Participant: 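Here it is, the structure in full.
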2 protein chains.
Amino acid sequence: MEKAVFYHAGCPVCVNAEQDILKIIDRSKYDPEVVHLGQDPTRIPEAEVVGVESVPALWLNQNVLHINFGASLTDVKNG
Amino acid sequence: MEKAVFYHAGCPVCVNAEQDILKIIDRSKYDPEVVHLGQDPTRIPEAEVVGVESVPALWLNQNVLHINFGASLTDVKNG
């Protein structure tokens, strides 16, 4: 199983994107984790390290797909 | 099978996103079509009607996921 992490911050754009991504992702190959950076800000540094610049974003082994444009990580940090 | 259409315009951002999307998408549920709007500009009006505002974008039955930000449809039209 490959890892996939969906980072979001609870915004409406994020929630819609989360539903779509979790619906299309092939569960036979991926084990998706959903991280709510608003509720779990301890994961923000990790998100920055892997290349997440805005949420919602989907991290797939090395690559980050930024989906729509919800909020920058700076906005998430500033609450 | 549900329909999924990935609209792009051949830019490097688009190509990377295409590879990722085609890799994660569950082929048991979706039959993805890839449309290169630069090579097939006759599909641009359709893309606009379904809500595509920039490429790369993934259209999934009613919803459009805009991925990263490659180019606006205006840029694609203006070649």
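Letters go in sequence order (proteins before strands), and every chain restarts at 1. From a predicted model like this one, the values you see are computed outputs, not experimental measurements.
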Participant: Any side-chain to backbone donor/acceptor pair from B/Asn68 onto A/His66? Under 3.5 Å, distance only.
Facilitator: yes

Participant: Check whether B/Val15 and B/Val34 end up in the same hydrophobic cluster, where Ile, Leu, Val, Met, Phe, Trp and Tyr are linked by side-chain heavy atoms less than 4.5 Å apart.
Facilitator: no

Participant: Do B/Ile24 and A/Ile24 pass the side chain to side chain contact (heavy atoms under 4.5 Å, CB included) test, and can you show the C-alpha distance, the side-chain angles, and the key distance before you say yes or no?
Facilitator: CA-CA 8 Å; B/Ile24 66 166; A/Ile24 66 167; 4.3 Å; yes

Participant: Give, for atom CG of A/Asn16 and atom CG of B/Leu65, the distance between the pair rounded to the nearest 0.5 Å.
Facilitator: 9.0 Å

Participant: Among A/Asn61, A/Asp20, A/Ile25, which residue has the highest count of heavy-atom pairs closer than 4.5 Å to chain B?
Facilitator: A/Asp20

Participant: Which region of B/Leu60, side chain (C-beta onward) or backbone (N, CA, C, O), has a non-hydrogen atom less than 4.5 Å from a non-hydrogen atom of chain A, or is it both or neither?
Facilitator: side chain

Participant: Under 3.5 Å, side chain of B/Lys29 to main-chain N/O of A/Lys23, donor-acceptor pair present?
Facilitator: yes

Participant: Can you tell me which of B/Leu58, B/Asn63, B/Ile21 forms the most heavy-atom pairs within a distance under 4.5 Å of chain A?
Facilitator: B/Asn63

